Structure formats: structure tokens, C-alpha cells
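Computed from a prediction, not measured in an experiment: that's the story for all the values here. One-based numbering, in listed order, for ligands and for the atoms of each.
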Amino acid sequence: MESTLKEMRGGESVLDLSPKATVGGGVEDVYGEDCATEEQLVTPWTYSVASGYSLLRDPHHNKGLAFTEKERDSHYLLGLLPPAVVTQQLQEKKLMDNLRKYQVPLQKYMAMMELQERNERLFYKLLIDNVEELLPIVYTPTVGEACQKYGSIFRRPQGLYISLKEKYECFSAFVEFDYPSGLAQFNSTITCRGKVLDVLKNWPERNIQVIVVTDGERILGLGDLGCQGMGIPVGKLSLYTALGGVRPSACLPVTIDVGTNNEQLLKDEFYIGLRQRRATGQEYADLLHEFMSAAKQNYGEKVLIQFEDFANHNAFTLLAKYGTTHLVFNDDIQGTASVVLSGVVAALKLIGGTLADHKFLFLGAGEAGTGIAELIALEMSKQTKIPVEETRKKIWLVDSKGLIVNSRKESLQHFKKPWAHDHEPVKDLLGAVKAIKPTVLIGSSGVGRTFTKEIIETVASFNEKPLILALSNPTSQSECTAEEAYTWSQGRAIFASGSPFDPFEYNGKVFVPGQANNAYIFPGFGLGLVISGAIRVHDDMLLAASEALAKQVSDENYNKGLIYPPFSNIRKISANIAANVAAKAYELGVATRLPRPANLVKYAESCMYSPVYRSYR
Ligand SMILES: NC(=O)C1=CN([C@@H]2O[C@H](COP(=O)(O)OP(=O)(O)OC[C@H]3O[C@@H](n4cnc5c(N)ncnc54)[C@H](OP(=O)(O)O)[C@@H]3O)[C@@H](O)[C@H]2O)C=CC1
Ligand SMILES: CC(=O)C(=O)O
Ligand SMILES: [Mg+2]
């Protein structure tokens with residue numbers, strides 16, 4: 001049975017459909033048919049060998065002109081392709097040549113999406129081999145523009161859409177029973193089973209390891225894009241595969257559609273989502289809960305659910321609520337924290353001192369800002385053995401109302417309260433910079449050009465080498481450009497940004513800005529959880545990921561002023577991050593894949609997906 005099923009999938013063991021012994025010793029009911037009652041509906045799944053025309057239209061197995069003569073003969077492809085047989089390398093060369101001819105990044109994005117839908121392995125080959133060139137296309141900044149225009153550029157759906165329409169409903173009914181002894185009448189609340197589990201079962205893959213889910217309310221720094229936020233889970237998961245080696249069939253992008261408060265989208269005739277204002281409160285919580293329960297029920301305890309680009313009024317609550325029952329990770333809070341801590345630790349080689357010697361000032365006290373602040377305070381506390389309540393005092397945050405200080409504490413959202421320190425009220429960033437005199441300035445506000453000339457000049461006036469991180473995405477929302485950071489600090493700033501900037505020449509010296517983006521962390525972090533079979537995420541794993549990333553910065557990188565290694569080495573970096581995270585999972589006792597492999601880096605590398613074409617019998 002096992003070999004037959006593998007043969008049916010072209011010899012790939014990518015998706016092993018063979019029955020597996022479960023922990024309890026039974027046989028896994030992959031399709032849910034055996035456990036369904038006679039009244040329950042089941043899906044009539046069929047699997048067949050793709051051949052001929054349908055093989056050419058199956059993105060998982062299509063190789064285009066790279067099908068060999070023998071494969072064309074045995075898979076009924078003769079005549080369906082022109083005679084030339086080419087290598088994957090030549091296909092890659094041609095596609096890169098074509099992509100480079102497009103002047104507009106969105107056209108490149110659409111060409112890449114079209115390739116992903118046509119020939120998945122070639123898509124990943126391109127992305128892996130040309131990561132520095134293509135990352136800004138499939139990811140920030142271009143993915144932001146793609147989400148804004150998703151309704152117009154939408155061709156084929158990617159990922160799963162779960163909307164309020166699928167949520168279970170409760171309704172009251174007046175019920176009458178006509179007993180022999182008399183008529184009984186009462187009001188009853190009836191709950192109809194929701195359809196979220198059925199939606200998950202519609203997805204063709206059964207063996208999902210990573211879900212990236214958004215509700216579209218805070219897409220990058222672009223705000224509420226509703227259902228059109230789908231571009232983000234799709235983009236993040238393509239990085240899970242290309243950068244972290246998680247196989248594409250194990251990745252599931254999900255968008256939860258609870259409506260949108262974006263008036264422009266609500267009026268847009270091409271908008272693809274529910275045309276209503278956002279559901280909130282219990283209705284929102286219920287749909288999210290139905291999704292979280294269905295995901296665990298369908299894919300098991302070890303499926304990683306990554307929350308992405310939720311607004312902060314939901315993000316912290318969801319993370320706290322499901323952190324104890326599910327394997328969940330919030331990329332904006334936790335992934336960003338890990339990547340920024342890594343950059344700061346690496347930067348110490350250039351700016352000097354220990355972590356605790358520095359004073360941090362953030363513009364933006366939301367998910368990214370407070371997430372980073374907390375991990376820095378935690379690491380400082382571990383290094384100095386000073387309680388975290390004390391190390392937090394080295395870190396200051398400014399939100400839209402000014403510096404976060406004690407006198408504001410009562411009115412602050414819960415995630416800001418730990419950052420309310422004793423100080424006079426200060427109304428804006430410039431005032432805060434003058435009052436706090438930070439050595440590190442971090443932008444996480446989602447508002448572009450907020451690091452003005454005066455602010456950067458002031459920071460540079462009391463720091464030999466100010467560390468300036470403009471994290472907000474996409475490029476239009478960056479707190480400053482690389483050119484501004486280097487020029488206004490007279491070439492002294494150590495600078496990195498969330499979206500990439502080109503190298504900049506100032507006074508005859510070329511400055512290479514780094515990219516402080518959670519894309520360095522989440523692919524390797526997720527791989528580490530998957531390969532160890534981790535069942536929960538712990539802050540120490542974020543520290544482990546951060547440490548592994550910082551160790552990958554070479555002297556050559558430091559000499560260029562870089563605090564992150566180049567993305568061209570990302571697969572090696574991800575394997576090291578995965579190994580460190582997995583090691584921590586074993587140490588904490590939350591790993592279930594036993595015995596622990598002796599060499600975790602080698603093991604991580606051996607688990608990574610390769611996009612090279614497979615030969616078909
Ligand atoms: N580089 C990376 O890897 C990552 C980058 N980001 C980027 O960071 C940005 C913020 O994301 P996130 O933290 O999730 O968003 P949030 O909405 O959670 O937080 C935004 C914060 O910025 C504050 N803010 C907004 N406008 C101003 C202003 N004019 N002056 C001062 N403060 C202001 C808000 O203040 P208030 O609370 O008062 O409303 C809030 O505290 C986004 O652009 C996102 O793309 C996010 C994650 C990762
Ligand atoms: C990078 C990222 O996750 C964000 O900007 O939201
Ligand atoms: Mg994000």
C-alpha cells in the first residue's frame with residue numbers, strides 16, 4: 001500500500017499518504033472517513049497519477065520543456081510540448097532575463113505569482129538562487145502594493161479564505177413538544193456546527209506543518225486591507241519554503257475575513273472580500289476560536305500557526321490565549337523581536353559596550369515596538385542577573401501621544417504599561433530624543449519620514465556611532481531612508497531598515513544598509529519547531545534564534561557596517577537558527593521528535609526542501 005501511494009505521486013515522498021501508526025497504536029484516519037458517523041458528510045477524495053495535459057497544468061509536477069523524451073513518452077506528453085528539451089538551469093536563465101525586462105515591480109510580482117501557479121519547483125529555484133534580487137518582489141515592499149491592488153490583479157485564488165459566512169451560528173427557537181400528557185413549549189438556543197473544519201478539509205494537502213494566518217487588519221504599515229491581505233500569508237509561506245526549506249505542500253496560507261473598515265475597499269467594485277464593516281467582540285473571538293480548534297483537530301498539535309499582521313488590539317490577546325494550547329507564534333511581536341535583538345547584539349561590535357550599557361528609544365509602542373523592547377530587556381536581564389523589571393528601565397517608547405510615562409499609566413493599553421517609567425510628560429519624538437539621549441533609535445510606528453533631519457542630527461550629536469533602525473514597512477513607511485540616515489549623521493550611523501535600500505555613497509565611501517526584517521528569523525525558527533516536533537513556543541527559543549543569527553555575521557560584513565549577514569546565505573543561516581531553536585526545544589522538554597538527532601544543523605539541512613526537478617518513472 002505504502003509503495004503504491006508513493007508511486008502514484010511520481011515516486012515523491014513529499015506527501016506520504018500511507019497509513020501511519022498513531023500514538024495509540026491505531027491507523028491514522030487521514031480522510032476522516034472512518035471516524036465520521038453515518039449522518040456526517042465525508043469528502044470523496046480520489047488520487048490519480050497526473051499525466052498528459054493535466055500533468056502540464058499541475059504546478060507541483062509540471063516541468064515544462066524540461067520533461068525528458070522518456071518522460072514525454074511515458075506520461076502522454078508527446079505533441080503537447082514543442083520538441084526542444086531544456087534544463088532547469090536554462091529555464092531559470094530565460095525567466096530571469098524576462099523578469100529583468102519588466103520596469104515595474106508589480107509586473108515582476110505578477111510574473112512570479114504566475115510562475116508559482118504554473119511550475120512550483122521552478123518558482124522556488126528562481127527564488128532560492130536569486131534571493132536578494134527577488135525578495136523585494138515576492139516580499140516587502142512589492143507585496144504591499146500587490147495587497148493594495150489584490151482585487152484588480154487577482155487571477156487564481158491562493159490559500160484558504162475563511163469568512164464569517166463559515167462561522168457557527170447560535171439562534172433561539174421556540175420549540176413545541178406535543179406529549180401525550182400535554183403540550184410543552186419553551187425557548188431554546190440552538191447552535192449549528194460551523195463550516196470552518198469543512199473549509200480546511202477542502203484544501204488538497206493533508207500534511208500541513210505551517211499555517212500563516214492574517215485577518216488583514218494591519219498589513220505592513222498600510223493599515224486595513226481586509227481580505228486582500230492574503231498576499232502576506234502567501235508571501236511569508238513562500239519564504240518558509242525558499243529561505244527555511246519547509247516543503248510547499250506543508251504550508252497553508254489562511255485569511256480570516258471578518259469584513260474591513262477600509263471605506264475605499266468597501267466601495268471598490270473589484271474588492272474580493274466580505275462587503276461589511278469588521279466584526280468585533282464575541283463574534284470575532286468565536287470565528288477565531290473555531291479556526292484555531294479546527295486547525296488543531298485537522299492537523300494535530302504540532303501544526304505551527306503563525307499570526308501575521310493582526311492589529312494590536314487582537315494580536316496580543318490571541319497570542320496569550322492560544323500560547324498555552326497551541327503551537328503559535330506571532331511574527332510581528334516575536335519574530336521581529338528576535339531579529340532586532342540579533343542586530344543590536346551584532347552591532348555592539350561596532351558601537352561598543354554591552355547590551356546593558358545602552359539606552360533604547362522607540363518610535364512606536366505596538367506589536368513590534370513592545371515585542372522588541374521586552375526581548376531586549378529579557379536578554380539584558382539574563383546577561384546581568386538584574387530583574388527584568390529593572391532592565392526595562394533602560395528602554396523608552398514613544399507612541400502617538402508622546403513618551404510613555406507613569407502619569408499616563410492608567411489610560412495605557414496593557415502591553416504598554418510595563419514601559420511607563422518615571423519622567424515628565426514629553427509630547428513628541430524630538431523632545432524624547434533630547435530628554436532620554438538614546439544610543440539606539442528604533443522606528444516601529446508604521447509612519448514614514450518620522451526620523452527627521454533634526455532628530456537624526458540630535459541623536460548623532462551625542463553618539464559617535466548611533467544605531468538607527470527604521471523598521472516600518474513597506475519602503476514608503478520607513479522612518480527614514482538610508483541616504484537620510486547616513487547623510488544626516490555624517491556617515492556615522494549604523495543603519496538597517498525593514499525594507500531594503502540600495503547601497504549609498506557618501507563622501508567617497510559606500511555604505512551598505514542592512515535589512516532588519518523578521519524574514520531572517522521566522523523561516524529558520526519554524527523549521528526548528530517542525531524538525532523537533534515542538535508543541536509550544538517559549539521566549540528562550542526566540543533568544544536562541546537571535547543568538548544563532550548574530551553568530552552568522554562575519555568580519556567581512558562588519559567591515560561594511562552590516563549587522564546582518566547577507567540574504568544570499570539564508571539557507572545556511574536558517575539551518576543554524578533551526579538547530580539552535582530545536583536544541584532549546586529539546587532542553588525545555590517540548591520536543592516530541594525523539595530521539596534527538598546528534599547533529600541538529602546537519603539534520604536541519606537534511607530536512608530542507610530542494611526545488612531541483614525530480615525524475616518521473
Ligand atoms: N521590519 C520588520 O521585520 C517588521 C516591521 N514592522 C513594521 O512596523 C510597523 C508597526 O507595526 P506594529 O508594531 O505591528 O503596529 P502597531 O499598530 O501595533 O503599532 C504602531 C505604533 O506606532 C505608534 N504610532 C503611530 N503613528 C505614530 C506617530 N505619528 N507618532 C508616534 N507614534 C505613532 C502607535 O501609537 P498608538 O499606540 O498611540 O496608536 C503604535 O504604538 C509597521 O510598519 C510594520 O510594517 C512590523 C513587524 C516586523
Ligand atoms: C515584516 C513584517 O512582518 C511586517 O512589516 O509586518
Ligand atoms: Mg508582519
Task: Atom CD of Glu424: over 12 foreign heavy atoms under 6.0 Å - done: no
Task: Check: Tyr506 ring centroid to Tyr486 ring centroid under 6.0 Å - done: no
TODO: Using heavy atoms and a cut-off under 4.0 Å, could you grab the residues that are in contact with ligand 1, chain by chain, numbers ascending?
DONE: Arg218, Leu220, Gly221, Asn312, Asp332, Thr336, Leu363, Gly364, Ala365, Gly366, Glu367, Ala368, Asp399, Ser400, Lys416, Ser444, Ser445, Gly446, Val447, Leu471, Ser472, Asn473, Gly498, Ala516, Asn517, Asn518
TODO: For Lys409, look at atom NZ and say whether over 12 heavy atoms of other residues, nucleotides or ligands are found less than 6.0 Å away.
DONE: yes
Open item on the list: Quick check on Glu132: does its CD atom have over 12 non-hydrogen neighbours (other residues, nucleotides or ligands) under 6.0 Å away?
Closed with: yes
Task: Donor on one side chain, acceptor on other, Ser554 and Asn557, under 3.5 Å - done: yes
Open item on the list: Please give the atom name: the N, O or S atom of Glu308 nearest to the Mg ion (ligand 3).
Closed with: OE2
Task: Atom indices of ligand 2, in the order listed, that fall short of 4.0 Å to a heavy atom of Glu308 - done: 3 (O)
- [ ] Only one of Arg408, His421, His423 passes side chain to side chain contact (heavy atoms under 4.5 Å, CB included) with Leu403; say which it is.
- [x] His423
TODO: For the pair Tyr271 and Asn262, evaluate side chain to side chain donor-acceptor pair (under 3.5 Å) and give the outcome as yes or no after the intermediate values.
DONE: CA-CA 11 Å; Tyr271 181 54; Asn262 183 326; over 6 Å; no
TODO: State, without any angle test, whether Glu547 and Asn580 hold a side-chain donor-acceptor pair at a distance under 3.5 Å.
DONE: yes
Open item on the list: Give me the nearest non-hydrogen protein atom to atom 5 (O) of ligand 2 as residue plus atom name, then the distance to 0.1 Å.
Closed with: Asn473 ND2, 2.8 Å
TODO: For Leu220, counting its heavy atoms only, list the atoms of ligand 2 lying under 4.0 Å from any of them.
DONE: 4 (C), 5 (O), 6 (O)
- [ ] Answer yes or no as to whether an N/O/S atom of Asp331 is found below 2.8 Å from the Mg ion (ligand 3).
- [x] no
Open item on the list: Name the residue from Val537, Thr336, Leu319 that meets the side chain to side chain contact (heavy atoms under 4.5 Å, CB included) definition with Asn330.
Closed with: Leu319
- [ ] Run the numbers for me: atoms of ligand 2, each under 4.0 Å from some heavy atom of Lys236, listed by number.
- [x] 1 (C), 2 (C), 3 (O)
TODO: Please name the atom of Asp332, restricted to N, O or S, that is closest to the Mg ion (ligand 3).
DONE: OD1
Open item on the list: Show the atoms of ligand 2 that are less than 4.0 angstrom away from any heavy atom in Arg218.
Closed with: 6 (O)
Task: For the Mg ion (ligand 3), the closest N/O/S atom belonging to Asp309 - done: OD1
- [ ] Can you sort out which atoms of ligand 2 are near Tyr139, meaning under 4.0 Å from one of its heavy atoms?
- [x] 1 (C)
Open item on the list: One residue to check: Asp309. Relative to ligand 2, which of side chain, backbone, both or neither has a non-hydrogen atom less than 4.0 Å away?
Closed with: side chain
TODO: State, to 0.1 Å, how close Ser342 and Ala550 come at their nearest heavy-atom pair, and which atoms those are.
DONE: OG-N, 3.2 Å
TODO: Using a 4.0 Å heavy-atom threshold (strictly under), name the region of Gln515 that reaches ligand 2: side chain, backbone, both or neither.
DONE: neither
Open item on the list: Does the residue Thr140 have a heavy-atom contact with ligand 2, meaning some pair of atoms that are separated by less than 4.0 Å?
Closed with: no
TODO: Indicate whether any N or O donor in one side chain lies under 3.5 Å from an N or O acceptor in the other, for Ser472 and Glu479.
DONE: yes
Task: Candidates Phe567, Phe525, Tyr139 - the one meeting ring pair (Phe, Tyr, Trp, His ring centres under 6.0 Å) with Tyr520 - done: Phe567
